[in-house]
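Working notes, beginning with the structure itself.
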Amino acid sequence: MNETRKELSKRGKNGIGFLLSAFVIWSIITIIFLQRIEISHKNIYMLYVTGLMFPLSVGISNLVKADWKLKNNPLGNLGLFLNLAQIIYFPILFWGMINHPNDAIVFFSIITGAHFFPYGWFYNVKAYYVMAPMISVVIMFLALFLNGNYLWVIPLTMALFLIILIVWIHLDYKNKFSNNKI
């Protein structure tokens, strides 16, 4: 089992293509939340931007030579299921958009951060185990502190956390496979 996970980590480069894509998307969401438009419009645009996730992830994965399909690996499809599991939590996001529009960005950030946790096991990378709860808890406290003001800080914080996660998983990859170029 550990050899299978090691192969996932190596071929998929710890999922860096998807995280780089997420960084781009959360950066765009930050820009959206800096605009002087109604919160309902910001939330709708936020959802639209997420439609870029898959094609952008595939493109970035190809650029960094990471295998996003992980075919011929018995656990390869599990990565897809772990990612799709995030969508199951979207009713919470939609509820927030309808009943508490200022909190929708908080719900989305926490859902995104928390969904990283099982990737710690999938890629055998400690960074995912640490960053998933850290993102969720920090975003919650940040949201409580901001109290509905300066909402752009939430997606900016997500983008910054993604940079930390990207650097950490990149270092993990280099340490595991130091004789390979990334």
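Within the 3.5 Å criterion, the main-chain N or O of Gly76 finds no donor-acceptor partner in the side chain of Lys71. A donor-acceptor pair is defined here as one N or O able to donate and one able to accept, closer than 3.5 Å; such a pair exists between the side chain of Asn14 and the backbone of Ile169. No donor-acceptor distance shorter than 3.5 angstrom exists from the side chain of Asp172 to the backbone of Trp168, with no hydrogens or angles considered. Distance alone, capped at 3.5 Å, is enough to place a donor-acceptor pair between the Ser21 side chain and the Met53 backbone. Between the side chain of Tyr45 and the main chain of Phe33, no donor-acceptor pair closer than 3.5 Å is present.
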Please list, one pair per line, the donor and acceptor atoms closer than 3.5 Å that link side chains of residues 89-108 to other protein atoms, with sequence neighbours excluded.
none

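Transitive grouping of hydrophobic side chains (ILVMFWY, heavy atoms separated by less than 4.5 Å) brings Trp68 and Leu75 into a common cluster. Under the 4.5 Å side-chain heavy-atom criterion for grouping Ile, Leu, Val, Met, Phe, Trp and Tyr, Tyr150 is connected to Ile154 within one hydrophobic cluster.
Residues Gly17 and Ser61 approach most closely at CA-OG, 3.6 Å, considering heavy atoms. Listed here is the closest heavy atom pair of Gly12 and Ala66: O-CB, 3.7 Å.
Remark: aromatic rings of Tyr173 and Phe177 are close, center separation under 6.0 Å. A distance of 6.0 Å or more separates the ring centres of Tyr128 and Phe117.
Using a 4.5 Å cut-off on side-chain heavy atoms (C-beta onward), Phe54 and Val58 make contact. Within the 4.5 Å cutoff, no side-chain heavy atoms of Phe23 are placed close to those of Leu20. Inter-residue side-chain proximity for Phe116 and Phe18 is flagged as unmet; no heavy-atom pair is nearer than 4.5 Å. Looking at heavy atoms from C-beta onward, Gln86 lies in side-chain contact with Thr112 at the 4.5 angstrom threshold.
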